[in-house]
Amino acid sequence: MTRKTPRRIGWYLSAAVLVAFGVTSVFPIFWMILASLKSAIEIWNRPPLFIFTPNFSSYTDLFGPDINYQKFLTNSLIIAVGTSALSVTLGSMAAYAFTRGKFWGSKSLQMWFLSLKFLPSIVIIFPLFLEYRYFGLMDTQLGVILAHSTFLIPFSLWLMKAYLQDLPRAIDEAAMVDGASRLETFRKIILPLVAPGMAVTAAFCFVFSWNEFIIAYILTSNSAVTAPTRLTQFRGLEAIDWPHLFSAEVVSLIPLFIMFLFLQRFLVRGLSLGAVKG
Amino acid sequence: MSKLRIENLTKRYGSTLAINGVSLDIRDHEFLVLLGPSGCGKTSTLRCIAGLETPDEGTIFVDEMDVTDLPTRDRDVAMVFQSYALYPHMTIYENLAFPLRTRHMTKDDIASRIKEVGELLRIADLLQRKPKQLSGGEAQRVALGRAIIREPKAFLMDEPLSNLDAILRLYMRAELKKLQKELGTTTIYVTHDQAEALTMAERVAIMNHGALQQVADPKTIYERPSTRFVAGFIGNPPMNLLDCEVVSQDDDHAMLEFSDFKCRLPLHGMDDTKSIDGKKVFGIRPEHIIVSKTQNSGVQGEIYVVEPLGSEVIIDVKVGNSIMKVKSVQFEGSPGEKLWLEFPEKKIHLFDVSAQ
Amino acid sequence: MDKQVLQSNGKKGEQGKKSGRRFELPFFFFILPSLLIIIPIVAFPTAWVFWLSFQNWNFLSSATPTFNGVNNYGDFLFGYNSAEFLGKILPATASFVIGAAALEFLLGLGLAYLADMHLKGEKYFRTAFVIPVFMSGISIGFLYTYIYEPSNGILNQTLRGSGLGLLASNWHTALSSALPTAIITDAWQWTPFMFLIILAGMKALPRPVVEAAEVDGATALYRFRRVILPLLSPIIIIALLFRLLDLFNYLTVLYILYPSGGPGQALEIISYFALLLGNRSFYLGQAATIAVFLLIITNVLAFYLIRRGKFA
Ligand SMILES: Nc1ncnc2c1ncn2[C@@H]1O[C@H](COP(=O)(O)OP(=O)(O)OP(=O)(O)O)[C@@H](O)[C@H]1O
Ligand SMILES: [Mg+2]
């Protein structure tokens with residue numbers, strides 16, 4: 001019994017620490033959701049208001065003619081879906097080539113590809129702005145998709161490589177011996193087998209593209225503005241329009257929350273890019 | 001159903017020389033087994049023939065056509081992988097149909113081929129299953145089916161039975177051999193199991209360190225190993241090999257000096273010892289040594305260990321500082337006992353030291 | 001039956017086998033489409049930034065850049081900009097990047113160790129804990145602007161309400177607390193990253209080794225320091241490198257928290273500085289020089305990470 005007591009205390013203590021951190025993680029989001037249901041005055045109430053009559057008017061305003069938030073949500077959706085589809089397709093193809101083939105310079109090329117995952121967007125954003133203006137890609141969904149893909153093709157390559165390396169080479173070699181061309185092998189054997197990995201990768205790409213700020217902010221001005229970037233427009237010269245800002249934030253979090261539910265099991269692998277098997 | 005010819009095949013992986021100038025002729029309809037210890041380059045050779053690896057040097061001919069630079073799918077050879085490599089996302093039917101679809105066969109033709117092969121290999125009932133739902137033996141037969149279904153010019157098999165349990169392996173050995181006879185397809189079969197090689201092969205090609213040691217039928221390999229390596233590799237237990245020096249030689253006898261005993265050896269039994277001198281390796285198979293507990297003209301030794309194996313006995317005999325293995329049908333004795341070993345002259349081999 | 005098999009040989013001719021060699025798509029062509037997208041978007045801007053870093057160009061005062069050699073670099077490293085760059089920007093970058101990575105690592109390690117003891121509750125904790133990872137920097141920037149608001153924000157109100165009024169402060173706007181506040185804000189979002197990776201590593205530890213240490217009578221602390229930590233270190237190094245690289249690109253939250261620069265440059269870390277330089281002063285040549293510095297730092301780290309983790 002005497003031996004057990006300290007262990008007990010340790011158990012409760014550690015549980016308490018975990019609960020405290022869990023609450024700290026979730027509370028700000030909860031607080032934001034509450035704020036989105038408050039009036040501009042209630043938001044700054046002293047003491048902080050936890051019990052009040054929820055007011056959905058900021059949500060209805062959001063989809064009204066003034067803000068027209070659905071337009072930005074649609075932009076975000078098109079951009080995120082387009083980026084994911086493009087990045088995962090091209091990333092998987094590159095991963096197939098890099099895991100299965102060796103050609104002159106393939107090692108260096110792969111290193112460079114992977115390093116682009118960490119390319120600071122601030123480095124390229126100003127010249128890219130000029131380039132886009134020249135080619136008429138400014139403020140277009142396609143422009144943002146291409147720029148996002150530049151960062152997400154390397155990411156997909158990185159993740160898909162981990163899935164492809166887990167696939168025994170004998171399987172695609174068997175297909176080649178059975179008379180399939182390289183492209184056929186990729187389409188009929190490799191792709192169906194790594195489809196689950198592609199879904200996971202696509203979901204990660206979706207989240208990244210949806211949340212990305214600098215590129216989407218600088219390369220769009222009106223018609224291709226994304227939902228999260230639109231948030232900056234709630235900041236006026238004098239003050240911030242908090243109720244609308246928060247309701248827009250909550251709405252733009254919904255797709256992310258869906259992705260979160262789907263990706264939970266794959267988080268470790270996705271975040272560490274296959275370094276640790278999750 | 002074709003001849004294969006390999007000329008001077010060489011393959012390097014970085015600094016490892018995986019295949020070192022291998023030349024090999026495989027006859028039409030032949031069942032050739034590539035045998036050798038782990039890492040000797042068997043798989044690499046097979047992969048070069050299949051086109052999955054590009055050789056650094058050498059040429060590969062199928063029916064006198066140079067295929068060295070042809071992509072895999074144009075070589076028309078089939079391969080059975082050690083892991084079977086069935087396509088996990090396809091049913092067995094689709095697995096069997098795949099090599100036919102890549103050749104644009106019509107649906108009806110595919111169905112009838114699958115029916116024939118399914119019956120031949122007794123996998124007709126499994127066609128709607130996925131590879132995961134098969135036992136090892138069934139998966140093995142499907143892998144074979146996928147190879148034979150398109151009637152390739154040659155079968156390449158890389159240890160196809162090594163993932164089966166011992167009893168199934170024995171059974172499949174016979175099945176496979178029978179099937180190859182029926183189809184008559186030229187086959188290269190890789191294994192590191194010498195029993196498998198000797199029982200299945202028409203000819204055995206033995207490799208070591210990437211180089212071919214000997215190519216011959218199983219009987220010759222056993223009776224007349226051409227190098228010291230082959231001698232020490234084949235047989236269970238393998239041949240006793242002892243370093244010796246030929247110190248003198250007259251018309252029909254040679255005097256061999258071992259590290260701590262001498263032996264007079266009549267020469268006429270051997271045909272490859274016309275002029276022997278200098279350092280040699282003396283070899284005799286355990287089953288050819290005659291033991292006796294009473295003194296005779298043989299070499300004296302003492303029992304070191306006795307390993308009864310049921311129907312036979314292996315005796316480790318200490319001769320000087322060396323141990324010789326002797327296989328005998330009936331023997332009783334205990335360690336320390338003195339013994340005399342006789343080496344029947346016709347069964348003695350002498351190898352050059354330099355040849356590996 | 002074998003006869004049948006042999007008979008169907010007759011169809012061989014129809015199988016469409018062409019003599020000679022068919023075209024085989026080289027592996028390089030699987031990479032080409034990616035290159036077609038990436039090169040115009042990366043290569044031209046990068047080359048342009050390099051070129052511009054050797055030019056003198058004030059966007060407002062002159063229409064065309066003029067070549068001025070390595071003067072931009074000289075100015076930042078030795079000249080009149082060096083006091084700002086070497087004295088403020090680099091120290092701020094180092095404190096922020098290292099401080100945030102270290103805090104997240106320590107918290108992540110501690111929490112992973114605790115979570116590993118609670119097999120049943122761990123799942124719920126993890127779910128709650130990981131949610132912030134999915135939020136955008138913009139949302140987080142605004143959310144924390146609201147939370148840190150000095151007079152009516154919930155943080156200060158809670159402190160005052162619970163008798164800790166002394167601790168209430170101008171969190172992100174005060175010179176002294178801006179850096180720690182920014183670090184904590186980042187830790188709120190990204191500690192789960194460290195936590196998840198370390199926890200996965202702990203679960204993959206060879207149990208016999210850990211148990212052997214326990215049987216040998218080692219204390220929990222000793223076991224942790226001498227057995228668990230060394231076994232985890234390869235994974236931890238990779239995770240830290242990932243985190244460091246992300247932190248060097250850290251921008252969005254700062255841009256929302258401080259639309260026109262933080263208090264006294266305490267938070268003008270190199271990436272943010274490059275943005276402000278282009279926006280604020282229109283010295284594009286200088287902004288490009290900072291971009292080149294940033295590019296060099298991140299590339300060195302990235303190549304080291306890829307090598308170390310054997311990713312390529
Ligand atoms: N892809 C490769 N990269 C580098 N070295 C290789 C590669 N494949 C084979 N090797 C080396 O080449 C040599 C021959 O290998 P191979 O696979 O042909 O041997 P094996 O005879 O099939 O052996 P086993 O009986 O174990 O299958 C070995 O030393 C091996 O380490
Ligand atoms: Mg092998």
Side-chain angles (χ1 to χ4, degrees), chain A residues 14-15 17-18 21-22 25-26 28-29 31-32 35 44 46-48 90 93-94 96-97 101 103 107 110-111 114-116 118-120 122-124 126-128 131 146-147 149-150 153 158 181-183 207 211 213-214 228 231-232 245 249 253 256 259-260 264 267-268 271-272 275-276 278, chain C residues 24-25 27-28 30-31 33-34 37-38 41-42 44-46 48-49 111 114-115 117-118 125 127-132 134 136-139 142-143 146-147 152 154 157 161 193 196-197 200-201 235 238-239 245 248-249 251-252 271 274-275 278 291 294-295 298-299 302-303 306 309 311-312:
Chain A
S14 55
V17 171
L18 291 177
F21 272 89
S25 286
V26 183
I29 299 164
W31 190 235
M32 172 177 80
W44 294 115
R46 280 194 201 205
L90 297 189
M93 285 170 67
Y96 172 63
F103 48 88
K107 185 103 181 167
Q110 190 184 359
M111 288 274 275
L114 293 175
S115 75
L116 289 178
F118 302 111
L119 178 74
I122 189 71
V123 170
I124 60 161
F126 289 114
L128 194 59
E131 196 181 346
L146 292 177
S149 299
T150 299
I153 290 170
W158 208 318
S181 70
R182 208 163 271 162
L183 195 60
V207 171
N211 280 341
F213 177 62
I214 292 294
L231 296 178
T232 56
L245 172 71
E249 259 195 63
L253 269 178
L256 298 175
M259 291 297 154
F260 165 72
Q264 257 193 352
L267 271 179
V268 171
L271 291 178
S272 61
V276 187
Chain C
E24 190 69 277
L25 199 64
F27 278 118
F28 181 74
F30 286 82
I31 301 168
S34 306
I37 292 182
I38 289 175
I41 289 181
V42 172
F44 164 71
T46 313
W48 196 80
V49 161
L111 290 171
L114 296 184
M117 301 172 13
H118 293 266
F125 168 69
T127 305
F129 195 47
V130 164
I131 291 177
F134 281 77
S136 69
I138 312 161
S139 309
F142 281 119
L143 177 54
Y146 176 52
I147 288 174
N152 290 353
I154 187 166
Q157 284 209 49
F193 169 79
L196 281 176
I197 291 177
I235 289 179
I238 297 296
L245 274 159
F248 270 108
N249 297 339
L251 204 55
T252 310
S271 51
L275 178 74
L294 181 58
L295 198 60
T298 50
N299 265 324
F303 282 113
I306 292 167
F311 291 112

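Owing to the predicted nature of the structure, the values given are computational and were not obtained by experimental measurement. So you know, we letter chains A, B, ... as the sequences are listed, proteins then strands, and number each from 1.
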Subject >> Interface moiety of A/L146 toward chain C, non-hydrogen atoms closer than 4.5 Å >> reply: both
Original post:
Taking every heavy-atom pair that is under 4.5 Å apart, which of A/M259, A/M93, A/K107 has the most such pairs with chain C?
Top reply: A/M93
Subject >> Stepwise side-chain contact (heavy atoms from CB on, under 4.5 Å) check, A/F21 with C/F125 >> reply: CA-CA 8 Å; A/F21 272 89; C/F125 168 69; 4.0 Å; yes
Original post:
So, does A/N211 use its side chain to make a donor-acceptor pair with the main chain of C/G137 at under 3.5 Å?
Top reply: no
Original post:
Which one, A/E249, A/R182, A/Q110, A/M32, leads in non-hydrogen pairs under 4.5 Å with chain C?
Top reply: A/R182
Original post:
When rounded to the nearest 0.5 angstrom, what is the spacing between CD1 in C/I31 and OH in A/Y96?
Top reply: 11.5 Å
**OP:** Compare all side-chain heavy atoms of A/F260 with those of C/T127 and state whether any distance is below 4.5 angstrom.
**Re:** yes
Original post:
Sequence neighbours excluded, which residues qualify as side-chain contact (heavy atoms from CB on, under 4.5 Å) partners of A/S14?
Top reply: C/L114, C/M117, C/H118
Original post:
In Å, rounded to the nearest 0.5 Å, how long is the span from CG of C/L245 to CZ of A/F118?
Top reply: 5.0 Å
**OP:** Please identify each residue that fulfils side-chain contact (heavy atoms from CB on, under 4.5 Å) with A/V26, with sequence neighbours left out.
**Re:** C/A128
Original post:
So which of C/V42, C/I37, C/I154 has the largest heavy-atom pair count under 4.5 angstrom toward chain A?
Top reply: C/I154
Original post:
Do the side chain of C/N152 and the main chain of A/R46 share a donor and acceptor less than 3.5 angstrom apart?
Top reply: no
**OP:** Give the member of A/T232, A/L90, A/I214 that has the highest number of heavy-atom pairs under 4.5 Å with chain C.
**Re:** A/L90
Original post:
Given that the side chain runs from C-beta out, which part of C/L25 has a heavy atom under 4.5 Å from chain A: side chain, backbone, both or neither?
Top reply: both
Subject >> For A/L119, the option from C/T298, C/L295, C/I41, C/N249 that meets side-chain contact (heavy atoms from CB on, under 4.5 Å) >> reply: C/L295
Subject >> Check: A/E131 and C/P45 side chains under 4.5 Å, non-hydrogen atoms >> reply: yes
Original post:
Top residue by heavy-atom pair count (under 4.5 Å) with chain A, among C/A302, C/A239, C/P33, C/A312?
Top reply: C/A312
Original post:
Out of A/S149, A/P120, A/P47, A/A15, which one racks up the most heavy-atom pairs below 4.5 Å with chain C?
Top reply: A/P120
Original post:
Taking A/V17, A/I29, A/V207 one by one, which has the highest count of heavy-atom pairs under 4.5 Å against chain C?
Top reply: A/I29
Subject >> Part of A/L18 lying under 4.5 Å from any heavy atom of chain C >> reply: both
Original post:
Got a second to check how far A/W31's CH2 is from C/L143's CG, nearest 0.5 Å?
Top reply: 11.0 Å
Original post:
Given a strict heavy-atom distance threshold of 4.5 Å, which part of A/L183 is in contact with chain C: side chain, backbone, both, or neither?
Top reply: both
Original post:
Quick one: what part of C/L111 sits under 4.5 Å from any heavy atom of chain A, side chain, backbone, both or neither?
Top reply: both
Original post:
Under a 4.5 Å cut-off applied to non-hydrogen side-chain atoms, are C/I306 and A/S115 in contact?
Top reply: yes
